[in-house]
Amino acid sequence: MATKTFSVAKLPGFTTTAILVFIILYLPILTLVAYSFNASQSVAIWGGFSLDWYVKAWNNDAVKDATVRSLLIAVCAAVISTAVATMAALGTTRRKAFKGQTFIYVMINQPLMVPEIVTAVSLLILFGMVKQATGIQGIGYVIFAHSAFCIPFAYLPIRARLEGMDLTLETAAADLYATPWQTFRHVTLPILLPGVIAGAMLAFVISLDDVVITEFTKSGGQDTLPTYMLGQMRRQLTPEINAISSMLLALTVVLLTAFFLLTRKND
């Protein structure tokens, strides 16, 4: 007698529930994008189609400064966190299992498990002590905070790529008297590169979109694009915020699509 394969998709109400979930998730986003083309000053009353808010956002010097600062922080955080994550992934996968390996996994992924507000407050206290002791100010604190927070996001795709790699080529390189550095440079890294790029893009997106940690670690005049938008929403909410959000959404979608294409397994 053949056994029936269990499928969640065949449960009663699955299709209805799935459609409802997608509507709840994406309807607000679609509404935001639609109202970014609103000619009215109001974000809730449709006044006709217009691209004026995109033009105003593009010509807004404060938006430009915040965007450049966000991109600078995100690029630096992505590079630093990806470099650290690559070394951590190599150290935890390219060797035999060792005592304390699970603890190391937990520590690397700790920012994913701890509420972000806790990480932000702890960094605020630490940076406050450093600033008081050294008198050093600057945007470096935000970059360091983003880098530390993004390490587990870069680590996961890199580690997944390494775990799917066969050791045969690296072993063959060692048999041909290649040094560990030569093996890594000419064999491991080229195969690992898609995972590294995917980890860097994911870290870039996480840093670019971050609000909580940035809000707690930045100083005056160091607004990123998300914190600038948060500040504007406290003052006057106009469709210009919708336009900025839509452009940020478009960039995120492009990067996440590239991340998906790099990390999917070939059949």
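In what follows, every heavy atom counts, from backbone to side chain, and hydrogens, waters and symmetry copies are set aside. Residue indices begin at 1 and follow the sequence shown.
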(request) Calculate, to the nearest 0.5 Å, the distance between atoms CG and CD1 belonging to L202 and I197 respectively. (result) 13.5 Å

(message) Tell me the closest heavy-atom pair linking L248 and L208, and the distance in Å.
(response) CD1-CD2, 3.7 Å

(request) Quick one: closest heavy-atom pair of P190 and P194, and the distance? (result) O-CD, 3.9 Å

(request) Say whether V68 and I143 are linked into one hydrophobic cluster, either directly or through other cluster members, by side-chain heavy-atom distances under 4.5 angstrom. (result) no

(message) If hydrophobic clusters are built from ILVMFWY residues whose side chains come within less than 4.5 Å, do F144 and V130 share one?
(response) yes

(request) Please say which of F37, Y54, Y35 ends up in a ring-ring contact (aromatic ring centres under 6.0 Å, His included) with F49. (result) F37

(message) Would a single hydrophobic cluster contain both Y228 and V205, if residues Ile, Leu, Val, Met, Phe, Trp and Tyr are joined by side-chain heavy-atom contacts under 4.5 Å?
(response) yes

(message) Classify the ring geometry of Y26 against F22: parallel below 30°, tilted from 30° to 60°, perpendicular beyond 60°.
(response) parallel

(request) Quick one: name the residues clustered hydrophobically with M129, using the 4.5 Å side-chain heavy-atom rule over I, L, V, M, F, W, Y, and just say none if it's on its own. (result) V114, I117, V118, V121, L124, I125, V212, F216

(request) Calculate, to the nearest 0.5 Å, the distance between atoms OG1 and CG belonging to T15 and L20 respectively. (result) 12.5 Å

(message) If you compare all heavy atoms of I151 against all heavy atoms of A85, which two are closest, and at what distance to 0.1 Å?
(response) O-CB, 3.8 Å

(message) Side chains of L225 and V63, heavy atoms from C-beta outward: is any pair under 4.5 Å?
(response) yes

(message) For V79, is there any backbone N or O sitting under 3.5 Å from a side-chain donor or acceptor partner on T82?
(response) no

(request) Please name all residues satisfying side chain to side chain donor-acceptor pair (under 3.5 Å) with T188, sequence neighbours left out, ordered by chain then number. (result) E170

(message) Ignoring hydrogens, what is the shortest heavy-atom contact between A148 and P111? Give both atom names and the distance.
(response) O-CG, 4.2 Å

(message) Which residues pass the salt bridge (charged side-chain N to carboxylate O under 4.0 Å, His left out) test with R159, not counting sequence neighbours?
(response) E163

(message) Determine whether a donor-acceptor pair (N or O, by modelled atom type, separation under 3.5 Å) exists between the side chain of R161 and the backbone of L156.
(response) no

(message) With a sphere of 6.0 Å drawn around CH2 of W58, does it hold more than 12 non-hydrogen atoms of other residues, nucleotides or ligands?
(response) no

(request) Check the hydrophobic clustering (I, L, V, M, F, W, Y; side-chain heavy atoms under 4.5 Å; chains of links allowed) and say if I241 and L251 are grouped together. (result) yes

(message) Contact between S246 and S36 at the side-chain level, heavy atoms closer than 4.5 Å - yes or no?
(response) yes

(request) Would you mind reporting whether D210 and I73 have side-chain heavy atoms less than 4.5 Å apart? (result) no

(request) May I ask you to decide if A203's main-chain N or O and S207's side chain share a donor-acceptor pair within less than 3.5 Å? (result) no

(message) Quick check for you: to the nearest 0.5 Å, what is the distance between L123 atom CG and E116 atom CD?
(response) 10.0 Å

(request) Starting at CD1 of I139, measure out to OG1 of T217 and round the result to the nearest 0.5 Å. (result) 9.5 Å

(message) Given 3.5 Å as the limit, does a donor-acceptor pair link the side chain of N38 with the main chain of G47, or not?
(response) yes

(request) Could you tell me whether the side chain of H146 reaches within less than 4.5 Å of the side chain of I206, counting heavy atoms only? (result) no

(request) Answer yes if the side chains of Y155 and S81 hold a donor-acceptor pair under 3.5 Å, and no otherwise. (result) no

(message) Hydrogens and angles aside, do S70 and T67 bring a side-chain donor and acceptor to less than 3.5 Å of each other?
(response) no

(message) Within the structure provided, determine whether V21 and I24 are in side-chain contact (heavy-atom separation under 4.5 Å).
(response) no

(request) Could you go through the side chain to side chain contact (heavy atoms under 4.5 Å, CB included) check for T224 and T227 one step at a time? (result) CA-CA 5 Å; T224 61; T227 58; 3.3 Å; yes

(request) To the nearest 0.5 Å, tell me how far L192 CG sits from L90 CG. (result) 6.5 Å

(request) Indicate yes or no: at least one non-hydrogen side-chain atom of T86 is less than 4.5 angstrom from one of L189. (result) no

(request) Determine whether S219 and K131 make a side-chain contact, defined as any pair of heavy atoms from C-beta on separated by less than 4.5 Å. (result) yes

(request) Flag the pair S122 / L126 as yes when at least one side-chain heavy-atom distance between them is below 4.5 Å, and no otherwise. (result) no

(request) Please confirm whether the backbone N or O of V55 pairs with a side-chain atom of N59, one donor and one acceptor, at under 3.5 Å? (result) yes

(request) Drop me the distance from I244's CD1 to L32's CG, to the nearest 0.5 angstrom. (result) 11.0 Å

(message) Go through it in stages, so that I can follow the logic: the residues are K218 and D223, the test is salt bridge (charged side-chain N to carboxylate O under 4.0 Å, His left out), and I'd like the CA-CA distance, side-chain angles, deciding distance and then a yes or no.
(response) CA-CA 7 Å; K218 72 180 180 66; D223 270 327; 3.2 Å; yes

(request) Identify the two heavy atoms, one from A88 and one from I108, that lie closest to each other, and give their separation to 0.1 Å. (result) CB-CD1, 3.9 Å

(message) Restricting to non-hydrogen atoms, name the atom on A120 and the atom on I213 that form the minimum distance, rounded to 0.1 Å.
(response) CB-CA, 3.9 Å

(message) Please say yes or no: joined through hydrophobic side-chain contacts below 4.5 Å, possibly via intermediate residues, are Y105 and F103 part of one cluster?
(response) no

